[in-house]
Amino acid sequence: SNITQLQYKQSASNSVPLSDQSEVITPDWGNIFLYTYISVVVSLLLYYSYKYLKLYRLISQTDYINYKHSKIHVVEEYVAPFSFLNHVVISKKDYYSDDSKMIITHEQEHIKQYHYIDIMCMNLFCIMFWFNPIIWLYKTIAVQNLEHLVDEQCINQLDNKANYQYLLVNASLTSSNYPLIKTNIFQ
């Protein structure tokens, strides 16, 4: 009987009402970070997919002119000239300007050097490592480097170097209707 009373006291002391229990709930930080990472990656994938789809529609819905192993798409709306794959997109205003030969030469040099692959890889790295500010800085610097490489080749190819330099300054001051497309290629 003493043993049953002892067991009863122990079981009674273990059964504390829920309001008296002080249970500390700690968040599972691993899952929180994982779900945040996946959410941002999916969001960025959707964003870039939308931008690439928009680019694809622009290229597929406009007529083009075959010119030196590339397709020149002249669009009515103003866009900063850019290239993607073997397509050059240029506004009607730029196409009929005195600078069109220099603009097209610049964009074709991007195509020759396969810079769209560099840009797509950098976009993928930014998606995967979005949390690292260095990858975003690296992308910015790499894009500037691609532009310098193309400018160097164009200056060697073109006759009027001063006009080309003036065109570069003028082009850098205009903006594009396609936010991912900045200085000439799909960035």
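Predicted model only: the values in this text are computed from it and were never measured.
- In this structure, Trp136 contributes its side chain and Trp130 its backbone to a donor-acceptor pair below 3.5 Å.
- Proximity of a side-chain donor or acceptor of Tyr37 to a complementary backbone N or O of Met128 within less than 3.5 Å is detected.
- Separation of atoms CD1 (Ile135) and OG1 (Thr140) is listed at 10.5 Å; rounding is to 0.5 Å.
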What verdict does the side-chain contact (heavy atoms from CB on, under 4.5 Å) test give for Val75 and Tyr95, after you've listed the backbone C-alpha separation in whole Å, the side-chain angles of each residue and the deciding distance to 0.1 Å?
CA-CA 9 Å; Val75 295; Tyr95 184 74; over 6 Å; no
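- Residue Asn86 holds its CG atom at 8.5 Å from CG of Asn66, rounded to the nearest 0.5 Å.
- Connection of Ile32 to Val41 is not established within any shared hydrophobic cluster, with ILVMFWY side chains joined at heavy-atom distances below 4.5 Å, either directly or through further cluster members.
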For Tyr52 and Asn123, what are the C-alpha separation, side-chain angles and deciding distance, and is it a side chain to side chain donor-acceptor pair (under 3.5 Å)?
CA-CA 11 Å; Tyr52 280 107; Asn123 285 340; 3.0 Å; yes
Please test Leu146 against Met122 for side-chain contact (heavy atoms from CB on, under 4.5 Å), starting from the C-alpha separation and ending with a verdict.
CA-CA 12 Å; Leu146 296 177; Met122 285 184 277; 4.1 Å; yes
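- Nearest approach of Tyr67 to Gln108, heavy atoms of both residues: O-NE2, 2.8 Å.
- Between Lys71 and His73 there is a side-chain heavy-atom pair separated by less than 4.5 Å.
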Begin with the C-alpha distance, continue with both residues' side-chain angles, and end with the deciding distance and a verdict on side-chain contact (heavy atoms from CB on, under 4.5 Å) for Ile111 and Glu107.
CA-CA 7 Å; Ile111 292 169; Glu107 296 307 326; 5.6 Å; no
side-chain contact (heavy atoms from CB on, under 4.5 Å), that's the test. Do Leu45 and Ile127 meet it? Break it down for me.
CA-CA 7 Å; Leu45 278 172; Ile127 289 170; 3.8 Å; yes
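- Put simply, the side chain of Tyr56 does not reach to within 4.5 Å of the side chain of Ile59, judged on heavy atoms.
- A donor-acceptor pair under 3.5 Å is formed between the side chain of Ser43 and the backbone N or O of Ser39.
- The number of heavy atoms from other shown groups lying within 6.0 Å of CZ (Phe131) is above 12.
- In this model, no donor atom of one side chain and acceptor atom of the other lie less than 3.5 Å apart for Gln113 and Gln153.
- If you chain together hydrophobic residues whose side chains sit under 4.5 Å apart, Val143 and Ile141 never meet in one group.
- Distance OG1/Thr105 to CD1/Ile155: 12.5 Å, rounded to 0.5 Å.
- Judged by distance alone, with hydrogens and angles left aside, the side-chain atoms of Asp99 form no donor-acceptor pair with the main-chain N or O of Met102 at under 3.5 Å.
- Between Ile117 and Cys121, some side-chain heavy-atom pair lies under the 4.5 Å cut-off.
- The structure places CD of Glu109 at 11.5 Å from CD of Glu147, a figure rounded to the nearest 0.5 Å.
- Counting only heavy atoms from C-beta outward, the side chains of Val42 and Leu44 never approach each other to under 4.5 Å.
- Relative orientation of the His110 and His115 rings is perpendicular, given thresholds of 30° and 60° on the angle between their planes.
- In the hydrophobic clustering of ILVMFWY residues, with side-chain heavy atoms under 4.5 Å counting as a link, Leu58 and Tyr116 come out together.
- Hydrophobic clustering keeps Val79 apart from Tyr64 (ILVMFWY residues linked when any side-chain heavy atoms are closer than 4.5 Å, directly or through intermediates).
- Once rounded to the nearest 0.5 Å, the distance linking CG of Asn160 with OH of Tyr166 reads 12.5 Å.
- Within the cation-pi definition used here (under 6.0 Å to the ring centroid, within 45° of the axis), Lys139 does not qualify as a partner of Phe125.
- Note on Val150 and Tyr114: separate hydrophobic clusters, where clusters join Ile, Leu, Val, Met, Phe, Trp and Tyr whose side-chain heavy atoms are under 4.5 Å apart, directly or indirectly.
- By the 6.0 Å contact criterion, CG on Asp63 is open, its count of non-hydrogen atoms from other residues, nucleotides or ligands being 12 or less.
- Counting non-hydrogen atoms of other residues, nucleotides and ligands closer than 6.0 Å to CG of Asp98 gives a total of 12 or fewer.
- A 4.5 Å side-chain heavy-atom check between Leu55 and Phe82 finds at least one atom pair inside the cut-off.
- Using a 4.5 Å cut-off on side-chain heavy atoms (C-beta onward), His106 and Asp151 make contact.
- Taking each heavy atom of Asp94 and Ile90 in turn, the nearest pair found is CB-CG1, 3.5 Å.
- The structure places OG of Ser83 at 9.5 Å from CD1 of Ile119, a figure rounded to the nearest 0.5 Å.
- The shortest side-chain heavy-atom distance between Leu158 and Tyr164 falls under the 4.5 Å cut-off.
- Scanning both residues, Ser70 and Val88, for their nearest heavy atoms gives OG-CG2, 4.4 Å.
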